[in-house]
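For reference, the structure discussed in these notes is given below.
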There are 2 protein chains.
Amino acid sequence: MAKPDSPRTIQAVEINLNIINFLHEHERARITEIANELEWTKGTIHCHLATLLENEYVVRDGEHYKLGLRYLELGESVKERLGVYDVVTDELDDLAEECDELVQFATEEHGRAVYLYKKGGERAVQTASSVGKREYLHCISLGKAILAYYPRERVEEIIDEYGLPGYTDQTITNREELFDQLETIRERGYAFDDEEKIEGLRCVAAPVKASKDEVLGAVSISGPSSRMTGERYREELPDKVTRSANVIEINTKFS
Amino acid sequence: MAKPDSPRTIQAVEINLNIINFLHEHERARITEIANELEWTKGTIHCHLATLLENEYVVRDGEHYKLGLRYLELGESVKERLGVYDVVTDELDDLAEECDELVQFATEEHGRAVYLYKKGGERAVQTASSVGKREYLHCISLGKAILAYYPRERVEEIIDEYGLPGYTDQTITNREELFDQLETIRERGYAFDDEEKIEGLRCVAAPVKASKDEVLGAVSISGPSSRMTGERYREELPDKVTRSANVIEINTKFS
DNA sequence: GTGATTGTTTGGAAGATGCAAACAATTTTG
DNA sequence: CAAAATTGTTTGCATCTTCCAAACAATCAC
């Protein structure tokens, strides 16, 4: 009757992950608050939190619950596993100072870009994005720089999953147009974002590669369109961002 | 018949947390490996991993599974919630350079010390401890500095839970002796560790307080007993560590 | 090519889990 | 200050999950 839903998914775990996510978004929360929002009974949430407490994944603070330091530990573990984190932060700090614009590093996971680090120069634009923020790949320079080095089938898969939602009238919403541009990016070595996600914001990004066609992530520079013009936008910054990407590549190989 | 185990705990969630913990310890693992180690069937582990994948808490890498970047996001969230992280790292970097010894910051959670940051000077001792590492409170300077400002009942609770395990013949294993020393620490403002956890290692620690009797954590300096002697051990370093703790206190209040 | 691994998918039985309701303990309200 | 409305906690219970065992396809070992 119902579609044979394999892979089967476990309800109790999903409830629990939702609680974790709720605590992530709210910093601290009480039982009824969570129960109301997630639409499970108080008793249920109570048991779930008791389990998390027992295993020390969560902390009580009077009547409130908060995420525990174990997540700090797990985060650190993921950071180490990435193997590029320290190299990236060092290099991006330099790049940010040199350009005096917002510079960022992101990698792909589950078909979207995940920001890992950002650093703003003094007059840099402020964006909401920070560590862990997720974004579609097709509409940002970081994403296009990464996609350019993925096999076509993988890119198709990702488009099939998320589509090509438009944000401004510059966003690429056409499949073939995207593939054309990815080809150009691959030849040229870096990607532009000309107000494709946010009006008035231009970016350049270059991929960080582990080998001929394995991409670790990408570095980008973002700034207001008013400052991102002419030779600076078309040559100077692409050059800088590419060089930074290369520095990261090299330092990653030797560590 | 069985003891009325409330708070009731949810098995499916515990299995899941064990999987997460396994991936934390092993970086990457395949299904059967996890199933054998945790003693559940392949099918069960499969379903659990499918749920984690679906919710993007875990990543597939061919036949292997790894923790996802979401844990980086959660870790960052916990860091921000702490509110002292950046202040601590800045100050400890300075302190490490000034002393040329290992300096650390830890806080208490679930009755144990959790290390949040460490920085080694050039000739500093190398210890296994790093971010997220847990340690009993009674046998390290950081722990005693924290306990000294806890109400007696809370300290009793913690001892009841973990006991006072001995590591060297200097470890405090007697309840009253511990309370005596905590009193001294409270009067003096800092705590020593004279080879109480590790032979040949001496430490000094000072608490970082949020208010009169709320402790945020503690800062410590550790070094080989050969270098930690006389006036340096008894005055110079206690002075430095106390000053650093104060700097953190003040900077925390104004941010 | 055969045997032994994988990971995946089933059906089904047992038992865990989520609900509803009552609990005590606060807090809010009139 | 009492009444009313919250809170978190605990219980018994019905039912729906969940975990197991077994069979499956797909690799891998040799």
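Below, read A as the first sequence line, B as the second, and so on, with proteins coming before strands; counting in each chain starts at 1.
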Whole Å only: how far is the CD atom of A/Glu33 from the C1' atom of D/dT6? 14 Å
Please report, rounded to the nearest Å, how far the C1' atom of D/dG8 is from the CD1 atom of A/Ile45. 13 Å
Assign each of B/Ala12 and B/Lys42 the nucleotide of DNA chain C bearing its closest heavy atom; nearer the 5' end lies the nucleotide of B/Lys42
Measure from NZ or CZ of B/Arg152 to the centre of the six-membered ring of B/Phe179 and say whether it is under 6.0 Å with the direction within 45° of the ring axis. yes
Consider the side chain of B/His48, meaning its heavy atoms from C-beta on, and name the nucleotide among D/dC19, C/dG7, D/dG8 that approaches it most closely. D/dC19
Strictly below 4.0 Å: does B/His46 bring a side-chain N or O up to OP1 or OP2 of D/dC19? no
Rounding to an integer number of Å, can you tell me how far B/Leu49 CG sits from C/dT9 C1'? 16 Å
Listed nucleotide nearest any side-chain atom of A/Arg30, set D/dT7, C/dT6, D/dC19: D/dT7
Quick one: which of D/dT9, C/dG18, D/dC19 gets closest to the side chain of A/Gln11? C/dG18
Rounded to the nearest angstrom, tell me the gap between atom CD1 in A/Ile31 and atom P in C/dA24. 19 Å
How close or far is atom C1' of D/dT7 from atom CZ of A/Arg60, stated in whole angstroms? 12 Å
Would the B/Tyr117 and B/Phe105 ring centres measure less than 6.0 Å apart? no
Residue whose closest nucleotide on DNA chain D lies nearer the 5' end, A/Asn36 versus A/Ile10: A/Asn36
Tell me whether A/Glu25 at atom CD has more than 12 heavy atoms from other residues, nucleotides or ligands lying less than 6.0 Å away. yes
Without decimals, in angstroms, what is the distance between A/Glu14 CD and D/dT18 P? 9 Å
Do the ring planes of B/Tyr136 and B/His138 sit parallel (below 30°), tilted (30 to 60°) or perpendicular (above 60°)? tilted
Do the side-chain N or O atoms of A/Thr32 get closer than 4.0 angstrom to the phosphate oxygens (OP1, OP2) of D/dT6? no
Residues A/Lys133 and B/Glu73 bridged, charged N to O under 4.0 Å: no
Interatomic distance where CG belongs to A/Leu53 and P belongs to D/dG8 [whole Å]: 13 Å
Think A/Thr44 has a side-chain N or O under 4.0 angstrom from the OP1 or OP2 of C/dT17? no
Which nucleotide in the set D/dT18, C/dG7, C/dA20 lies at the smallest distance from any side-chain heavy atom of A/Thr41? C/dA20
Checking D/dC20, C/dG7, D/dT9 against the side chain of A/Arg8 (C-beta onward), the nearest is D/dC20
Where the side chain of A/Trp40 is defined as all heavy atoms beyond and including C-beta, which of C/dC19, D/dG8, D/dC19 is the nearest nucleotide? C/dC19
Rounded to whole Å, please give me the gap between CD in B/Glu63 and P in D/dT27. 9 Å
